[in-house]
Amino acid sequence: MSEQRVAIVTGAARGIGAATARRLAADGLAVAVVDIDESATSATVAAIADAGGRALGVGADVSDRAQVAAAVERVAAELGAPTVLVNNAGVLRDNLLFKMSDADWDTVLGVHLRGAFLFSQATQQHMVEQQWGRIVNLSSISALGNRGQANYAAAKAGLQGFTKTLAIELGPFGVTVNAVAPGFIVTDMTAATATRMKVDFEALQKHAAAEIPVRRVGRPEDIAHTISFLASAGASFVSGQVLYVAGGPKD
Ligand SMILES: NC(=O)c1ccc[n+]([C@@H]2O[C@H](COP(=O)([O-])OP(=O)(O)OC[C@H]3O[C@@H](n4cnc5c(N)ncnc54)[C@H](O)[C@@H]3O)[C@@H](O)[C@H]2O)c1
C-alpha cells in the first residue's frame, strides 16, 4: 500500500466533489475529503470506507492560506504526500452587475480562484518532489459568459488561464494541469439556482435538457469520470486543456 497515490478533493462533502472523491477512491487512491466544515465530510468519508477505500475528512476554508497549509500538512502526515489535487470547492453569489456587492465579488473570486491558487501552491512541492502530479481545476460553461454571474464567469475564465500557466510551469516536473468545464449538473448548487429563480427544479432540468444536444442534464458522476481520466497515469500527455463536459460543444 506504500505505493498508493493520495488525492485531495476540495468541496467534497457533496455534489461533484463527493462523486469525484468516491470515484478516485474506487480507482485505488487514498482521498482527502476537504470541505469548509469537517463534520460535513463524514458522509463522503463513510461512503468511501464502506466501499473498501481509504479516506480522511479535513475541514478547511480553501480561501484561507493558514487553513490550506494546515490541511495539506495533515493530509501528508495522515495519508501520505498528495500528488493529485482537484480544485472543486465553489460558491455562487449571483447578481446583475449593477447590484453586485464587493462581498459578492470577493467571496466568489476568493473561493474559486484564490482557493485554487492556495491549494495548488501548497501541494505542488509534494508533486515536484515525486516528479509526478495531477491538478484538475473546475471551470464552467459560465466562463463563456452568463447573465447574473460576472463574478463567477470571471473566476471560471480565470481558472482556465491559471490552468494553462501551471501546465507550462509544472510540466517539466511530471505534473499535468487541466480544467474541466461542466455544463448543467444536478447538484445542490443548481437546485439553489432554481430556488433563487423561483422555478421548480424539475422544470428547470427539463428546460435545460431540451437545449442540450444529448437531451439530458449532467450528473456528478459524469464529471467524476472525466476527472478520473485526467488524474490517471495514462493521461500524462494531456496538459493545459480545458475539457467542456456539457453534453455538446461549448467553446
Ligand atoms: N453544478 C453545476 O451545474 C456546475 C457547473 C459548472 C461548474 N460547477 C463547479 O463545480 C464545482 C462543484 O459544484 P457543485 O455543483 O458540486 O456545488 P455544491 O454547492 O453542491 O458543492 C460545493 C461544495 O464546496 C464547498 N465549499 C464552498 N465554499 C468552500 C470553501 N470556502 N472552502 C471549502 N469548501 C467550500 C461546499 O461546502 C460544498 O460542499 C464548483 O466549483 C462549481 O462552480 C458546477
Side-chain angles (χ1 to χ4, degrees), residues 8-23 32-45 57-68 70-72 85-94 103 106-119 122 136-146 149 151-160 162-163 179-197 201 204-205 208-209 211-212 216-224 226-227 242-247 250-251:
I8 292 176
V9 183
T10 70
R14 64 180 197 226
I16 293 170
T20 300
R22 291 195 306 267
R23 174 59 190 263
V33 177
V34 174
D35 213 285
I36 193 151
D37 176 6
E38 183 172 333
S39 65
T41 65
S42 58
T44 308
V45 170
V58 179
D61 179 344
V62 299
S63 65
D64 184 297
R65 176 174 285 280
Q67 291 185 39
V68 171
V72 173
L85 170 66
V86 182
N87 286 310
N88 166 83
V91 287
L92 295 178
R93 294 289 185 274
D94 293 0
D106 292 343
T107 298
V108 168
L109 274 285
V111 174
H112 295 269
L113 264 185
R114 186 177 158 80
F117 160 61
L118 293 177
F119 256 102
V136 181
N137 298 314
L138 268 290
S139 181
S140 167
I141 56 169
S142 293
L144 303 167
N146 197 26
Q149 292 196 319
N151 50 1
Y152 185 77
K156 292 310 200 186
L159 278 168
Q160 297 190 7
F162 179 71
T163 296
V180 176
F184 189 115
I185 310 296
V186 177
T187 67
D188 287 356
M189 185 178 272
T190 37
T193 299
T195 304
R196 197 181 51 256
M197 292 165 70
F201 191 35
L204 182 66
Q205 289 179 49
E211 304 288 318
I212 296 170
R216 70 167 176 87
V217 290
R219 299 176 300 264
E221 290 71 21
D222 292 312
I223 306 307
T226 309
I227 294 171
V242 178
L243 187 44
Y244 284 84
V245 182
K250 279 293 168 192
D251 55 342

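These figures come from a predicted structure and were not determined experimentally. Order of appearance sets the numbers: ligands from 1, and atoms from 1 within every ligand.
For ligand 1, the 4.0 Å heavy-atom shell contains residues Gly11, Ala13, Arg14, Gly15, Ile16, Asp35, Ile36, Ala60, Asp61, Val62, Asn88, Ala89, Gly90, Val91, Val111, His112, Leu138, Ser139, Ser140, Tyr152, Lys156, Pro182, Gly183, Phe184, Ile185, Thr187, Asp188, Met189, Thr190.
Phe201 contributes atom CZ, which lies 3.5 Å from atom OG1 of Thr190 (distance to the nearest 0.5 angstrom).
Partners of Phe119 under the ring pair (Phe, Tyr, Trp, His ring centres under 6.0 Å) rule, at least two apart in sequence or in another chain, do not exist in this structure. Among residues two or more places apart in sequence or in another chain, the salt bridge (charged side-chain N to carboxylate O under 4.0 Å, His left out) test is passed with Asp222 by Arg216, Arg219.
A donor-acceptor pair under 3.5 Å is absent between the side-chain atoms of Ser139 and the main chain of Val180, judged by distance alone.
Under the 4.5 Å side-chain criterion, counting only non-hydrogen atoms from C-beta, Leu113 is in contact with Leu159.
Evaluation of the salt bridge (Lys or Arg N to Asp or Glu O under 4.0 Å) test over residues 183-195, restricted to residues two or more places apart or in two chains, returns Arg14-Asp188.
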